Amino acid sequence: MIEAALSRCAARFMPAATGVRGAAKLSGGASQETWRFDILCPGGDVGAILRRAPKGYGAAPGRAAGLANEAALMQLAYEAGVPSPRVLHVLTPEDDLGTGFIMLRVEGETIARRILRDAEFAAVRPRLARQLGGIAAGIHGIPRDKLPSLREMTSARELAELRREYQSFGWPRPVFELALRWLADHDPGPPDEVTLVHGDFRHGNLIIGPGGVRAVLDWELAHLGDPMEDLGWICVNSWRFGEIDKPVGGFGSREDLFAGYEAAGRKVDPARVMFWEVMGTLRWGVMCCGMMQRFREAPDYSMERAMIGRRASETEIDLLRLIAPRGA
């Protein structure tokens, strides 16, 4: 039972703990799991989250930062004032839980359609884009000398990897070819400053309450690179959920996002942001194609993969909207 192992683990980093209860698996694939549970303490229970790779699944995918680095980055973000769960414990072999970490649970909403439509969030929606600009600036401002070892991504490397992955499908898509050409022609080159990049700064990885953003989650794609990548990624149309006139997550404008970023003391390069928005749109399209490819060829014919796979056609429309008016 995982609760027994969690109880022993909690006693090591929280001496007042008397056990755990309510352990429930929230998600998990072949190599990574997320569990919700409560740590029992005399002064009141402590809500916690476990992220782990079970024993035998310690290797991270090629683009992933790794669970130990995730924990370090989340703690650095927390200490820098970026909304982030506080890390309570990084797992050790003695915990017998695999590799990963335990963090404080932050309550709130992550489902985009609720955030964009429920009355509970009506008052805060107009402020979210500016708030996210300030949060992104906080992430990019974390000193490099404090960061764990991370891969460094450039625009040229990202483009080469996307082209290689797309071509591996053997599934020609003319709009993707057009986007690849546009990106090669408009590559802005190395940024003036290389910073920490969250890598997946969007709906689903943000916990939001009636007062605003409470936490940034899922740092597994964090890397060193162009800070404008995060600003472009959150503007990708796929994260607007139908609210296409509000480029930032379906709730705000680029102008508000940029204003929040610059109010926090950092500089926005709109042309670079647009480049990364196109790159992000193509990246999501290629990811959707990968889902469809696995649905067609692998033994796991999940409906979720098919539904995500069909969204590749949506990204083609998005790409044409972005690049056709620019003479591509």
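Just so it is clear, the structure is predicted and the values come from calculations on it, not from any experiment. Positions are given from 1 along the sequence. As a basis for the values below, the full set of heavy atoms in this structure was taken, side chains included, without hydrogen atoms, waters or symmetry mates.
In this structure, CG on L26 lies 10.5 Å from CD on E33, to the nearest 0.5 angstrom. From I308, atom CD1 reaches atom CE of M287 across 8.5 Å, with rounding to the nearest 0.5 Å. Note: E70 CD to E220 CD = 5.5 Å, rounded to the nearest 0.5 Å. Atom CG of residue L50 and atom CG of residue L88 lie 11.0 Å apart, to the nearest 0.5 angstrom. Rounding to the nearest 0.5 Å places SG of C235 at 8.0 Å from CE of M274. S313 contributes atom OG, which lies 9.0 Å from atom CE of M292 (distance to the nearest 0.5 angstrom).
Taking all atoms of both residues into account, the shortest heavy-atom contact from F37 to I49 is CE2-C, 4.1 Å. The two residues S238 and R311 come nearest to each other via the heavy atoms O-NH2, 3.5 Å. What you find for G189 and D187 is that their closest heavy atoms are N-OD1, 2.9 Å. Considering every non-hydrogen atom in both F176 and V286, the closest pair reads CE2-N, 4.0 Å. Minimum interatomic distance between Y166 and P172 (heavy atoms only, all atoms of both residues): OH-CA, 3.5 Å. C9 and L91 get closest at one heavy-atom pair: SG-CD2, 4.1 Å.
Here R114 does not pair with E120 in a salt bridge; the nearest charged N to carboxylate O distance is not below 4.0 Å. A salt bridge between D200 and R202 is present, with a side-chain N of the basic residue lying under 4.0 Å from a carboxylate O of the acidic one. Ion pairing of R321 with E277 is absent here, as no side-chain N (NZ or NE/NH1/NH2) approaches a carboxylate O to less than 4.0 Å. The pair R157-E161 meets the salt-bridge criterion, since a charged nitrogen lies less than 4.0 angstrom from a carboxylate oxygen. At a threshold of 4.0 Å, the pair K267-E193 does not count as salt-bridged, since none of the basic side-chain nitrogens sits closer than that to a carboxylate oxygen. At a threshold of 4.0 Å, the pair D38-R105 counts as salt-bridged, since one of the basic side-chain nitrogens sits closer than that to a carboxylate oxygen.
Ring pair H89/F13 is parallel by interplanar angle, where below 30° counts as parallel and above 60° as perpendicular.
At a threshold of 4.5 Å between non-hydrogen side-chain atoms, the residues L178 and L319 do not count as touching. Within the 4.5 Å cutoff, the side chain of V194 has no heavy atoms near those of the T154 side chain. Under the 4.5 Å side-chain criterion, counting only non-hydrogen atoms from C-beta, I39 is in contact with M14. Residues P148 and L76 form a side-chain contact, since some pair of their non-hydrogen atoms from C-beta on lies under 4.5 Å apart. F258 is listed as a side-chain neighbour of P270, based on a closest heavy-atom distance under 4.5 Å. Looking only at side-chain heavy atoms (C-beta outward), M279 and L282 stay at 4.5 Å or farther from each other. For the pair E109/F121, a side-chain contact is recorded, criterion being any heavy-atom separation below 4.5 Å from C-beta on. No side-chain heavy atom of E158 sits less than 4.5 Å from a side-chain heavy atom of H223.
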**OP:** Verify side-chain contact (heavy atoms from CB on, under 4.5 Å) between R86 and Q75, making sure each step is shown before the conclusion.
**Re:** CA-CA 6 Å; R86 183 161 65 88; Q75 190 61 25; 3.9 Å; yes

**OP:** Could you check L132 against L257 for side-chain contact (heavy atoms from CB on, under 4.5 Å), going step by step and ending with a plain yes or no?
**Re:** CA-CA 7 Å; L132 286 172; L257 177 73; 4.3 Å; yes

Original post:
After noting the C-alpha distance and the side-chain angles of H198 and E229, does the key distance pass the side-chain hydrogen bond (donor to acceptor under 3.5 Å, both in side chains) rule?
Top reply: CA-CA 9 Å; H198 180 275; E229 180 182 346; over 6 Å; no

Subject >> Evaluation steps, side-chain contact (heavy atoms from CB on, under 4.5 Å), between L150 and L73 >> reply: CA-CA 10 Å; L150 298 169; L73 291 170; 4.2 Å; yes

Original post:
Would E165 and R163 satisfy salt bridge (charged side-chain N to carboxylate O under 4.0 Å, His left out), going step by step from the backbone distance to the final call?
Top reply: CA-CA 6 Å; E165 186 175 358; R163 180 181 287 110; over 6 Å; no

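At least one donor-acceptor pair under 3.5 Å links the side chain of E3 to the backbone N or O of A23. For S84 (side chain) and M74 (main-chain N/O), a donor-acceptor pair under 3.5 Å exists by modelled atom type. The backbone N or O of V216 lies less than 3.5 Å from a partner atom in the side chain of W219, making a donor-acceptor pair. In this structure a side-chain-to-backbone donor-acceptor pair under 3.5 Å is present from N69 to S149. Checked by atom type and distance alone, the side chain of R214 pairs as donor or acceptor with a backbone atom of E107 at under 3.5 Å. Side-chain atoms of R12 come within 3.5 Å of backbone atoms of E94 as a donor-acceptor pair (strictly under, hydrogens ignored). R125 places a side-chain N or O within 3.5 Å of a backbone atom of I115 that can act as its donor or acceptor partner. Of the possible donor and acceptor atoms, none in the side chain of D95 sits under 3.5 Å from a partner among the backbone N and O of L97. With hydrogens and angles ignored, the 3.5 Å screen pairs no side-chain donor or acceptor of N205 with any backbone N or O of L217.
By the rule that hydrophobic residues join a cluster once side-chain heavy atoms approach within less than 4.5 Å of another member, L224 and M153 end up as members of separate clusters. W233 and L183 fall into different hydrophobic clusters, where Ile, Leu, Val, Met, Phe, Trp and Tyr side chains are chained together by heavy-atom contacts under 4.5 Å. Follow the hydrophobic side-chain contacts under 4.5 Å out from I234 and you reach V268 in the same cluster. Using a 4.5 Å cut-off between side-chain heavy atoms of Ile, Leu, Val, Met, Phe, Trp and Tyr, with links allowed through other members, F201 and F241 fall into the same hydrophobic cluster. Linking ILVMFWY residues whenever their side-chain heavy atoms come closer than 4.5 Å, directly or via other members, leaves L104 and L40 in distinct clusters.
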Pairs under 3.5 angstrom only: tabulate donor-acceptor contacts from the side chains of residues 134-147 to other protein residues two or more places apart or in another chain.
unit_1	atom_1	unit_2	atom_2	d
H140	ND1	A136	O	3.2
H140	ND1	Y261	OH	2.8
H140	NE2	D230	OD2	2.9

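Using modelled atom types, one finds a donor on one side chain and an acceptor on the other under 3.5 Å when comparing R51 with Q32. In summary, the side chains of D318 and T281 do not present any donor paired with an acceptor at a separation below 3.5 Å, with no hydrogens or angles considered.
Remark: R272 fails to qualify as a cation-pi partner of F275 under the 6.0 Å distance and 45° angle criteria applied to the six-membered ring.
Applying the 6.0 Å contact sphere to CG of D245 captures more than 12 heavy atoms from other residues, nucleotides or ligands.
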